[in-house]
2 protein chains.
Amino acid sequence: MSDALPPIPPADEPRRARGRPRKTADERDDGNRRQDLLRAAARLFRQQGFAATSTRDIATAAGMRSGSPFYHFENKEALLAAVMLEGMQRASSQQADAMQAAARHGQALSARDCLRVLVRNHLEVLLGAESDFIPVMLYEWRSLSEPQRQAVNELRREYEAVWVPVLQALHDRGELSGDTSLARLMLFGALNWAVQWFEPGRRSSLDDLTEAALQLFLKEAV
Amino acid sequence: MSDALPPIPPADEPRRARGRPRKTADERDDGNRRQDLLRAAARLFRQQGFAATSTRDIATAAGMRSGSPFYHFENKEALLAAVMLEGMQRASSQQADAMQAAARHGQALSARDCLRVLVRNHLEVLLGAESDFIPVMLYEWRSLSEPQRQAVNELRREYEAVWVPVLQALHDRGELSGDTSLARLMLFGALNWAVQWFEPGRRSSLDDLTEAALQLFLKEAV
DNA sequence: CCTACCGATCGGTAGG
DNA sequence: CCTACCGATCGGTAGG
């Protein structure tokens, strides 16, 4: 008994990683938890604002304990930036899909039809179900540090770049008057403001809003 | 000694007010300090947001110590409500003045001219120097409790009511198409959004913006 | 990803 | 309006 030594592990036994018990199984779990955090953060940031939302609130909403969000994000601000980046990526890819789908139907898409697709998709991104990410980006801009703003701004420029030739074409055909750059800013303003007053079930639908916007901003073709 | 009763105060001796040593002198001082707080709060709430601004920040900016704001306002939220109410009162009276001044010049003001005056004044209220109050109202709405929202909303309805007949007249003359109620919401959106991108010295002036908005939203009269 | 914890800050108050 | 203070909460971290 007394000379019974603990068994010596074979030299080639894989060393167990210490300190951070990472899963060897599918990484999906990790990604899912991060996504859960993003979704919870987006919803709470939108409802209460960034500063009024504690990382504990977010952790609880994602089914975690108070310290766990910092395993996935360096700090609270990085979580905000991630929400905005995620929002812009979704918006851009959704916008590209919408344009492609529309182009497949009618092969020759008029500038007016293009704008209709863009406006309709923008409203979907802004007001559709499960869309907290973009409103957070619109209304928590000042809570972001300068380097993070630049990162988000890059995606934002991509998103807006799609609108430029459409508005230019409308201007050339006399359907949109005035400076197209100011027109774009005012159009975005008119649409983004809907976040403040739109109520899903009530009165006007997103289709209604789309038609109203087109009717309001566009002139008859000459 | 045992029968010595505490002296009975004469019935007509003036009772000293205890607890709050209010000034007997001019009340101007009080009003000025309150205004200082409002101004400081408006600026900080706008720059950093309501939740990210401490009452200590505000006190310091107004030249007071940390506890003093609570002499003037019941709590932080009441201070926010006061900022918004002050903003709406100024906006409304400024709007009334602008309309009166315009009516004195040209005696018959066209609907288009009316809208020009309203838009120009709205931009001034929104983007002019010393105007932090209305932006705070626009972007801190969710930080307000329901009863306070109702109080602010009352003033807001008054302000917007002035626009209704003007937009209706434009619609009747064919210069504005579509539902006038949606048109009003989109117009406000287009203008309010300028808070996010307008830079005072740069490129376009408030006059430029006014003309751009009119050109964008209005059709030729039929 | 949890437990246990820290230092800092915050809104607000008593008493003068 | 100041002084001095309190209880609560918050972002974040060490160690596992």
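Order of the sequence lines fixes the chain letters, A, B, ..., with proteins taken first and strands second; residue numbering starts at 1 for each chain. Fair warning: this is a prediction, and the values are worked out from it, not measured in the lab. Excluded from the calculations below are hydrogen atoms, water molecules and symmetry mates; all remaining heavy atoms, backbone and side chain alike, are included.
Atom CD of B:Glu154 is surrounded by 12 or fewer heavy atoms from other residues, nucleotides or ligands within 6.0 Å. Counted within 6.0 Å of CZ on B:Arg142, heavy atoms from surrounding residues, nucleotides or ligands total more than 12; the atom is thus considered enclosed.
For the residue pair A:Ser54 and A:Asp57, a side-chain donor N or O sits within less than 3.5 Å of a side-chain acceptor on the partner.
Within the model, atoms OH of A:Tyr139 and CG of B:Leu138 stand 9.0 Å from one another, a figure rounded to the nearest 0.5 Å. One distance of note links CZ of A:Phe70 with OG1 of A:Thr55; it measures 4.0 Å at 0.5 Å rounding.
At least one test fails for A:Arg156 against the ring of B:Trp197: distance under 6.0 Å to the centre or angle within 45° of the axis.
Within residues 140-151 of chain A, no residue has a heavy atom under 4.0 Å from DNA chain D. Of the residues in residues 49-67 of chain B, those lying under 4.0 Å from DNA chain C by heavy-atom distance are B:Thr53, B:Ser54, B:Thr55, B:Arg56, B:Gly67.
Put simply, CD on B:Glu74 is 13 Å from C1' on C:dT13, counting in whole angstrom units. Here C:dG11 presents its P atom at 12 Å from CG of B:Leu44, a figure rounded to the nearest Å. Put simply, CG on B:Leu79 is 10 Å from P on C:dG12, counting in whole angstrom units. With rounding to whole Å, B:Phe70 atom CZ is found 14 Å from D:dC5 atom C1'. In this structure, the CD atom of A:Gln48 is 14 Å from the P atom of D:dT9, given to the nearest Å. To the nearest angstrom, C1' of C:dT13 lies 13 Å from CG of B:Asn75. Atom pair B:Tyr71:OH and C:dG15:C1' shows a separation of 15 Å (rounding to whole Å applied). Rounding to whole angstrom units, NZ of residue A:Lys76 and C1' of C:dT9 are separated by 13 Å.
Of the candidates A:Met99, A:Gln94, A:Arg116, A:Gln94 is the only one forming a side-chain contact (heavy atoms from CB on, under 4.5 Å) with A:Asn121. Tested against B:Leu123, the residues B:Asn192, B:Leu209, B:Asp207 include a single side-chain contact (heavy atoms from CB on, under 4.5 Å) partner, B:Leu209.
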ask   = Where each pair must be Watson-Crick or G-U wobble with both distances under 3.5 Å, what dot-bracket representation of DNA chain C is obtained, with crossing pairs in [ ] and other-strand partners as |?
value = ||||||||||||||||
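Note: B:Phe188 and B:Tyr159 have tilted aromatic rings, judged against thresholds of 30 and 60 degrees for the angle between ring planes.
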request  = Go through the steps for B:Val119 and B:Trp163 under the test side chain to side chain contact (heavy atoms under 4.5 Å, CB included), then give the verdict.
outcome  = CA-CA 10 Å; B:Val119 166; B:Trp163 297 59; 4.1 Å; yes
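A donor-acceptor contact shorter than 3.5 Å links the side chain of A:Arg149 to the backbone of A:Leu144.
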